[in-house]
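Working notes, beginning with the structure itself.
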Amino acid sequence: MIKDDISALVGQAISSALAAGQLPELVTPEISVERPAKPEHGDYAISVAMKMARTARMSPLKIAEIIKANLAPTDYIAAVEIAAPGFINFRLNENWLKGQVQGILAQGDTYGNVALGQQSRVQVEFVSANPTGPITIGSARNACMGDTLASVLQAADYQVEREYYVNDAGNQVRAWNESMWIYYRDELGVPVTDDKGEPLALKLDEETGQPTEAREFKDVRYNARAYARELIAHEGNRFLDLPEDEARALVGKEGVKIVLEHNEEDLAQLGVLFDVWFHEQALYDTGQIDAILQMLRDGGHVAEREGAVWFVSSALGQDKDNVLIRSNGIPTYFVSDIAYHYNKFKTRGFEKVIDLWAADHQGHIPRMKAVMQALGFSPDDLIILVYQLVSVNGLRMSKRNKNFIPLREVMDITGPDPIRYNMIARSPEASLDFDVNLAIAQNDTNPVYYVQYSHARTASIFRRAEEAGITPEIDRADLSLLGHPSEMALIRHLLLFPETVLEVAKNCIDNGVAELQRLPFYTLELARAFNAFYRDCYVLDQANLPLSQARLALTQATRTVLARALTLMGMSAPERMDRGEQPA
RNA sequence: GCACCAGUAGCUCAGUGGAUAGAGCGUCUGCCUCCGGAGCAGAAGGUCACAGGUUCGAGUCCUGUCUGGUGUACCA
């Protein structure tokens with residue numbers, strides 16, 4: 001990584017200046033390497049001289065001169081320039097830059113892999129939407145972020161497992177069971193009424209607010225009644241013969257199974273595949289809930305009062321205690337979450353565990369961190385990433401209040417790629433008001449097509465090369481023939497890719513932030529650099545075949561990086577664009 | 001009330017304490033005899049919510065204020 005190399009180079013220069021007595025003994029500040037916005041400021045810049053000026057009691061320019069004089073020569077730096085008030089600017093050697101193209105070609109689709117994780121085991125748990133309805137656009141944001149993050153970490157040499165936590169044991173599931181049971185019987189013609197003879201579904205819906213029948217969608221399977229119908233289609237009326245309590249639980253459970261099948265299918269079409277689907281109920285069935293409670297009791301973290309069992313998080317610096325077991329004897333989801341995370345760290349031995357939550361779960365973070373501490377784990381090993389909520393027409397999207405857009409409805413129109421791209425194109429801190437009309441616009445208003453078009457264009461050039469009788473021999477291309485400013489700018493962009501991957505992964509693991517938006521932005525800029533090259537440097541020149549070969553090599557390198565970036569984002573890298581119906 | 005997130009171009013948003021704040025869309029003006037016009041060139045558009053502070057240097061860090069979102073449950 002050039003940045004690291006320069007940082008190390010400058011560090012050595014400062015050390016030798018200190019040893020030579022040219023600089024006073026002082027604490028060297030962190031040497032951060034920046035990319036100047038202006039080309040005349042070189043490729044990389046450091047501002048360490050200005051940071052040292054005060055303690056060194058020397059002018060920044062003088063310090064910069066001393067550092068520059070102590071820099072060891074390298075093959076990749078062509079010039080070092082000092083600029084007021086004390087910047088040291090580095091300009092890369094153009095021959096070295098040209099040579100890097102061969103390196104990209106040699107690495108192929110492993111270009112962008114960086115050494116960071118040393119194969120340590122990381123789990124990314126994401127989506128984990130309640131199995132009581134379809135994957136919404138809100139969950140899709142989670143899915144796209146989580147999957148892309150997992151891919152980035154894999155590229156950064158982590159051993160990553162993707163996991164979906166199925167909440168099949170909580171209160172919402174109880175309400176779901178009730179709904180399924182009602183609709184199941186209703187669909188089979190069994191009168192479902194309350195003691196006054198009123199239809200129960202209506203009463204539930206209007207008076208109790210319990211989820212019953214979701215809003216109608218084009219695809220009828222998006223509501224509990226539709227799930228009940230599907231269950232009947234598979235299983236018939238056999239549950240009516242069972243005792244009611246048993247039947248209610250079984251119908252609910254079978255309903256969950258149907259929901260999960262659909263959701264797994266939707267996510268798969270989005271390009272999101274999970275290694276593990278972990279069921280909350282399993283924590284109960286295998287005694288892990290009881291075990292964790294005992295552990296917390298033994299650790300002195302539990303108190304009983306007001307008929308409930310509490311986690312005494314206030315003793316660990318939290319604002320308040322949290323209920324583990326309600327006074328009615330039913331455990332909260334907090335308990336299963338504790339057992340679940342214990343299972344992740346202790347039973348399965350992940351070194352880092354990443355949870356990706358929507359902002360409405362933000363309040364859950366401090367107590368989970370406190371629990372980590374109580375159980376003897378490092379709170380820093382649990383990385384909880386939060387992204388802001390998705391709304392529709394300014395209204396919060398939620399399965400509970402039935403204001404939501406199913407992923408399926410949008411994906412059927414657009415395909416997965418525009419969703420993948422746009423869901424990670426804004427930072428997690430930015431809230432997202434989903435505009436359906438914009439999302440389904442398959443025209444040039446959508447930057448996703450600009451990027452894919454650029455990839456298709458690289459492929460197109462090779463098709464044309466064959467037609468023109470120019471056989472690509474990129475391995476033997478004379479890259480020293482490159483040199484046009486647009487060619488050099490493109491090469492520089494290509495070299496930023498591994499740095500981007502590294503920084504996204506590092507900031508996630510070290511700082512708990514998911515800067516996934518950097519991938520779409522990087523890709524857009526790369527596409528722009530390629531199009532400038534395409535404009536300025538005609539690739540297939542019969543009159544200058546050596547130059548054509550060099551430019552084909554650069555085109556192939558660009559194609560490689562565009563494809564890799566698109567793949568990391570879970571998108572396709574099309575060989576050609578289908579032009580579809582174009583709005584005038 | 002308290003806590004977290006946000007407030008940057010008409011709209012949607014980028015912007016590791018660095019040099020003259022950027023992109024997409026929208027608007028306006030040009031460009032199809034050449035590798036795909038889902039393209040390219042250019043223009044207009046800014047009190048970085050407001051007020052203080054720290055710093056050689058602040059959109060970025062600190063304090064306060066305003067506005068919006070979220071949380072503050074024996075919901076998840």
Side-chain angles (χ1 to χ4, degrees), chain A residues 32-38 40-41 45-47 50-51 53-54 59-60 83-87 89 128 130 167 170-173 175 306-310 319-320 322-328 330-334 336-337 358-366 386-389 391 394 396 400 422 425-433 435 438 441-454 456-465 467-468 470 503 507 511 515 517-518 520-521 524-525 528 531-532 534-541 548 551-552 555 576-580 582:
Chain A
S32 62
V33 180
E34 302 151 22
R35 276 204 320 278
K38 294 265 160 192
E40 58 263 35
H41 295 141
I46 61 166
S47 54
M50 287 174 282
K51 296 191 171 81
R54 176 179 287 264
S59 85
F87 291 103
N89 296 329
S128 300
N130 282 321
N167 293 106
N171 259 347
Q172 279 191 96
V173 167
E306 301 156 31
V309 178
W310 298 73
D319 291 343
K320 55 185 181 55
N322 295 97
V323 171
L324 295 169
I325 299 179
R326 303 179 183 90
S327 50
N328 64 6
I330 298 174
T332 61
Y333 95 121
F334 185 37
S336 38
D337 237 18
D360 56 348
H361 284 60
Q362 169 255 121
H364 189 45
I365 297 173
V386 172
Y387 61 94
Q388 295 301 308
L389 297 176
S391 58
R396 179 175 172 180
R400 286 202 218 177
N422 288 300
R426 65 194 68 204
S427 74
E429 291 81 23
S431 54
L432 173 68
D433 191 52
D435 184 332
L438 199 62
Q442 295 183 70
N443 53 36
D444 54 10
T445 64
N446 204 330
V448 63
Y449 297 114
Y450 180 85
V451 173
Q452 291 187 315
Y453 176 78
S454 300
R457 187 171 251 179
T458 61
S460 165
I461 290 174
F462 278 89
R463 285 195 296 270
R464 285 302 300 254
E467 290 167 22
I470 300 175
E503 284 169 16
N507 278 327
N511 304 324
E515 302 176 307
Q517 74 279 5
R518 294 182 57 175
F521 278 94
L524 190 63
E525 282 170 12
R528 197 193 318 283
N531 281 322
Y534 178 87
R535 176 194 68 226
D536 296 333
C537 307
Y538 201 89
V539 176
L540 303 175
D541 183 356
S548 294
R551 287 178 170 169
L552 276 171
T555 301
R576 38 169 54 99
M577 298 294 280
D578 297 323
R579 225 175 251 268
Q582 274 280 71

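All chains are named by letter (A, B, ...) in the order of the sequence lines, taking the proteins before the strands, and each is independently numbered beginning at 1. What's counted below: heavy atoms across the whole structure, side chains too, no hydrogens, waters or symmetry copies.
B/C32 and B/G46: their P atoms are spaced 32 Å apart (whole Å). Comparing the P positions of B/A58 and B/G53 gives a spacing of 12 Å, expressed to the nearest Å.
For A/N531 and B/G39, the shortest distance from a side-chain N or O to OP1 or OP2 is not below 4.0 Å. Distances shorter than 4.0 Å separate none of the side-chain N or O atoms of A/Q388 from OP1 or OP2 on B/G68. For the pair A/R396 and B/G71, the criterion of a side-chain N or O lying under 4.0 Å from OP1 or OP2 is met. Considering only side-chain N and O atoms, A/R518 lies nowhere under 4.0 angstrom from the phosphate OP1 or OP2 of B/G15. The shortest distance between the side-chain N/O atoms of A/R535 and the OP1/OP2 oxygens of B/C40 is not below 4.0 Å. OP1 or OP2 of B/C40 has at least one side-chain nitrogen or oxygen of A/Y450 nearer than 4.0 Å.
Taking A/E306 as the reference, nothing meets the salt bridge (Lys or Arg N to Asp or Glu O under 4.0 Å) condition, with sequence neighbours excluded.
A/Y333 comes within 4.0 angstrom of a nucleotide base, judged by non-hydrogen atoms across all strands. If you check every strand for non-hydrogen atoms under 4.0 Å, A/K320 touches sugar and phosphate atoms only.
With a 3.5 Å limit on both pairing distances and Watson-Crick or G-U wobble geometry required, the stems of 3 or more pairs in RNA chain B span B:1-7 with B:66-72, B:10-13 with B:22-25, B:27-31 with B:39-43, B:49-53 with B:61-65.
Checked against the 6.0 Å centroid threshold, A/Y387 and A/H361 do not count as a close aromatic pair.
Heavy-atom nearest nucleotides on RNA chain B were determined for A/L524 and for A/Y538, and the one closer to the 5' end corresponds to A/L524. Along RNA chain B, the nucleotide nearest A/S427 and the nucleotide nearest A/S47 are compared for position; the residue whose nucleotide lies closer to the 5' end is A/S427.
A donor-acceptor contact under 3.5 Å links the side chain of A/H361 to the base of B/A76. Interface remark: the A/N89 side chain does form a donor-acceptor pair with the B/A19 base, using a distance-only criterion of under 3.5 Å.
Closest approach to the A/R528 side chain among B/U16, B/C74, B/G24 is made by B/G24 (side chain taken as heavy atoms from C-beta onward). Comparing B/C74, B/A14, B/C5 by their nearest atom to the side chain of A/E429 picks out B/C5. Of the candidate nucleotides B/G39, B/A76, B/A14, B/A76 has the atom nearest to the side chain of A/T332.
Formation of a donor-acceptor pair under 3.5 Å by the A/S454 side chain with backbone atoms of A/Y450 is found in this model. Listed for the A/S548 side chain is a donor-acceptor partner under 3.5 Å among the backbone atoms of A/V539.
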